[in-house]
Number of protein chains: 2
Amino acid sequence: MTFERLPDLSTAELVAERIREALLQGTLRPGDRLIEADIAAELGISRGPVREGIRLLAAEGIVVLRRNRGAVVTSPTFDDVLEVYVVRLGLGLLALNHAMSLDAASAPEFDDVELLLRRMRNPGVQGDALLMMDADLHFQSALFDLSGLTRVTAVLDQTARDIPVFVKVLGITYDELDHSALIERHERLLHAVRQRHRDAAAAAWRDHVRCTVGEFARGYPAAQFEGIFDLPLMHHVFDHHDNLG
Amino acid sequence: MTFERLPDLSTAELVAERIREALLQGTLRPGDRLIEADIAAELGISRGPVREGIRLLAAEGIVVLRRNRGAVVTSPTFDDVLEVYVVRLGLGLLALNHAMSLDAASAPEFDDVELLLRRMRNPGVQGDALLMMDADLHFQSALFDLSGLTRVTAVLDQTARDIPVFVKVLGITYDELDHSALIERHERLLHAVRQRHRDAAAAAWRDHVRCTVGEFARGYPAAQFEGIFDLPLMHHVFDHHDNLG
DNA sequence: CCTGACCAGATTGTCAACAATCTGCAAAGC
DNA sequence: GCTTTGCAGATTGTTGACAATCTGGTCAGG
């Protein structure tokens, strides 16, 4: 095995990727219409694959589809980002717990995850906040994959694709994010999962989500989100892990 | 306002619906290939909408897509059903808790939910186990909608569409399911949510999922699922609600 | 007998043209 | 003046034809 799998993305997925890139670049903004024919012409392909790509983005919640009226880039609110993180918190706990229950979750599988964690230490990555976020989400995805819960990880991966886009279009600043603290949290998380310390793992994951959202909330222009963790959105479901980490 | 909204399903959604029906009827079975041209010919339309409908089912996990090789009906295992229910357990708790935190979740919204619950008492529904399951899932969906968490409810609704199909193709028998007990559980659940008794609601929801899965496990031909609730899959994440209901 | 290139049929992927629908505006009716 | 109707342009929805790809088998060469 010397060759890595070919990318093998369908044209539709490539189209979706391009649109996502345009959103991250700021070329495309919330409320903008996505006109199939225009995009097809720009990419030099026909409307079919473009249409399919737009549907993929619609399934992710990045664009809104209205029957016979086309697709519009979503205008997410900060609450949408919160909702995404609440889903990640919940399903992530599910995945981590299940991963720790599997006999198969031993050394070899963990090495791949460790590799992704190491990539976050790369100085080239540390410079770019977007690359950092990408590496971060990939690490988390690999960790969740250990669970073998394909439906759960599919939803988690979908939210992972949403996050950079939402963060960008909302103008959330997160440059002050402490990279070494982030990596340290992930090391704690990975170690806990590897050692199957359920409660420590749950606490570490919860801690990471809280820190990330907390950082976003700080940088967010509006002041109404200061008491973000006091919002009922984040409470009452997973609190029992607090006293265990 | 004398007219009800038109159904307004896209052709693709109608196609997906037909394929789901074929699955429920047994006309289509796990492993069967879905050939775009054949389905298009049978339905008297062209391949485009059929293709789109198949993609919708793929997003739901009902069919598996392989690049350039077409779509095949999934062959779900009982573990897949378990995974679906674990997701519903987790996200359902999230939705219910958030619904109970909203000021707006007052009488008028609850009336619609109550209506759906009453529909389950309809003798015509009680006769047909499939209709019962459908009414049940609709009630749950309406309840979750109260949360206003669109991403969470979208995933929940997707799992709701999966359940009847998976139950059918796996040959799970659930006829012995006690309808009055089911309705009674739902009444408890609705009452708890309405009164905003967080812990009672969580316990009731958890109880419902456990009973449903337990019933399925009983009817399932294989014997390996007797200790289903001892599986780590169902443990360690939401257990703290046990001592509160 | 085994290996690998090649071919034919089936099926998906893409395309460009056509039909159906929506939007906004302008004109007609009250 | 206000509402309603009817149109024109823009855009999506659908279609049938064509191109690319995959599958399985056949056949030549070793």
Side-chain angles (χ1 to χ4, degrees), chain A residues 3-20 22-23 27-75, chain B residues 1-20 22-23 27-75:
Chain A
F3 293 107
E4 207 181 333
R5 269 187 79 84
L6 289 173
D8 192 37
L9 288 172
S10 71
T11 311
E13 285 168 325
L14 289 173
V15 170
E17 196 55 49
R18 288 293 179 89
I19 296 175
R20 248 187 246 111
L23 282 165
T27 319
L28 218 56
R29 295 167 59 181
D32 286 355
R33 295 185 58 191
L34 294 176
I35 289 150
E36 296 175 0
D38 294 356
I39 297 170
E42 281 195 55
L43 296 176
I45 58 178
S46 75
R47 275 178 53 213
V50 174
R51 186 183 171 83
E52 222 173 290
I54 291 176
R55 302 299 160 124
L56 288 175
L57 294 176
E60 276 176 35
I62 287 179
V63 306
V64 177
L65 246 41
R66 284 184 311 168
R67 194 160 156 66
N68 286 320
R69 269 179 271 178
V72 175
V73 177
T74 331
S75 302
Chain B
M1 281 298 190
T2 43
F3 294 106
E4 207 182 334
R5 270 186 77 85
L6 289 172
D8 192 38
L9 287 172
S10 71
T11 312
E13 285 169 324
L14 289 173
V15 170
E17 196 54 49
R18 288 296 178 89
I19 296 175
R20 249 187 244 109
L23 246 16
T27 318
L28 218 56
R29 294 166 60 178
D32 286 354
R33 294 184 60 191
L34 294 177
I35 290 150
E36 295 175 1
D38 293 356
I39 297 170
E42 281 195 55
L43 296 176
I45 58 178
S46 74
R47 275 178 53 214
V50 173
R51 186 182 172 83
E52 222 173 290
I54 291 176
R55 302 299 158 125
L56 289 175
L57 294 177
E60 276 177 36
I62 287 179
V63 307
V64 176
L65 246 42
R66 285 185 310 168
R67 195 162 159 62
N68 287 320
R69 269 179 273 178
V72 176
V73 177
T74 332
S75 302

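Convention: sequence-line order gives letters A, B, ...; per-chain numbering from 1.
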What are the atom names and distances for every N/O pair under 3.5 Å that joins the protein to nucleotides 15-18 of chain D?
residue : atom : partner : partner atom : Å
D:dT15  : OP2  : B:Ser46 : N            : 2.7
D:dT15  : OP2  : B:Ser46 : OG           : 2.8
D:dT15  : O5'  : B:Ser46 : OG           : 3.2

With sequence neighbours left out, what residues match [X] under side chain to side chain contact (heavy atoms under 4.5 Å, CB included)?
{"X": "A:Ala71", "value": "A:Leu34, A:Ile54, A:Val63, A:Leu65"}
{"X": "B:Leu14", "value": "B:Leu9"}
{"X": "B:Asp32", "value": "B:Leu28, B:Arg29, B:Val73"}
{"X": "A:Arg66", "value": "A:Arg69"}

Note, A:Ile45 side chain near A:Val15 side chain (heavy atom, < 4.5 Å): yes

Side chain to side chain donor-acceptor pair (under 3.5 Å) involving A:Arg33 - partner list, sequence neighbours excluded: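 With sequence neighbours excluded, A:Arg33 shows a side chain to side chain donor-acceptor pair (under 3.5 Å) to no residue whatsoever.
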
Summary of side chain to side chain donor-acceptor pair (under 3.5 Å) pairs that have at least one residue in residues 39-51 of chain A, sequence neighbours excluded: A:Glu36-A:Arg47, A:Glu36-A:Arg51, A:Arg51-B:Glu52

Nucleic acid contacts of residues 35-42 of chain A, taken as heavy-atom distances under 4.0 Å to DNA chain D: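 A:Ile35, A:Glu36 - these, ordered by number, are the residues of the stretch whose heavy atoms sit under 4.0 Å from the strand.
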
Residues touching DNA chain D, which here means a heavy atom under 4.0 Å, drawn from residues 54-72 of chain B: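 Hits under 4.0 Å, by residue number: B:Asn68, B:Arg69.
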
Closest contact, heavy atoms only, B:Gly31 versus B:Ser75: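 Heavy-atom minimum between the residues: N-OG, 3.8 Å.
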
Nucleotide interval of DNA chain C bounded by contacts with chain A (heavy-atom cut-off, under 4.0 Å): C:dT14 to C:dT23

Partner set under salt bridge (Lys or Arg N to Asp or Glu O under 4.0 Å) for A:Glu13, not counting sequence neighbours: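 In terms of salt bridge (Lys or Arg N to Asp or Glu O under 4.0 Å), with neighbours along the sequence ignored, A:Glu13 is linked to no residue.
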
Spacing of B:Thr74 atom OG1 and B:Glu60 atom CD [to the nearest 0.5 Å]: 10.0 Å

Reference residue A:Ile19; test side chain to side chain contact (heavy atoms under 4.5 Å, CB included); the match among A:Leu57, A:Thr27, A:Leu43: A:Leu57

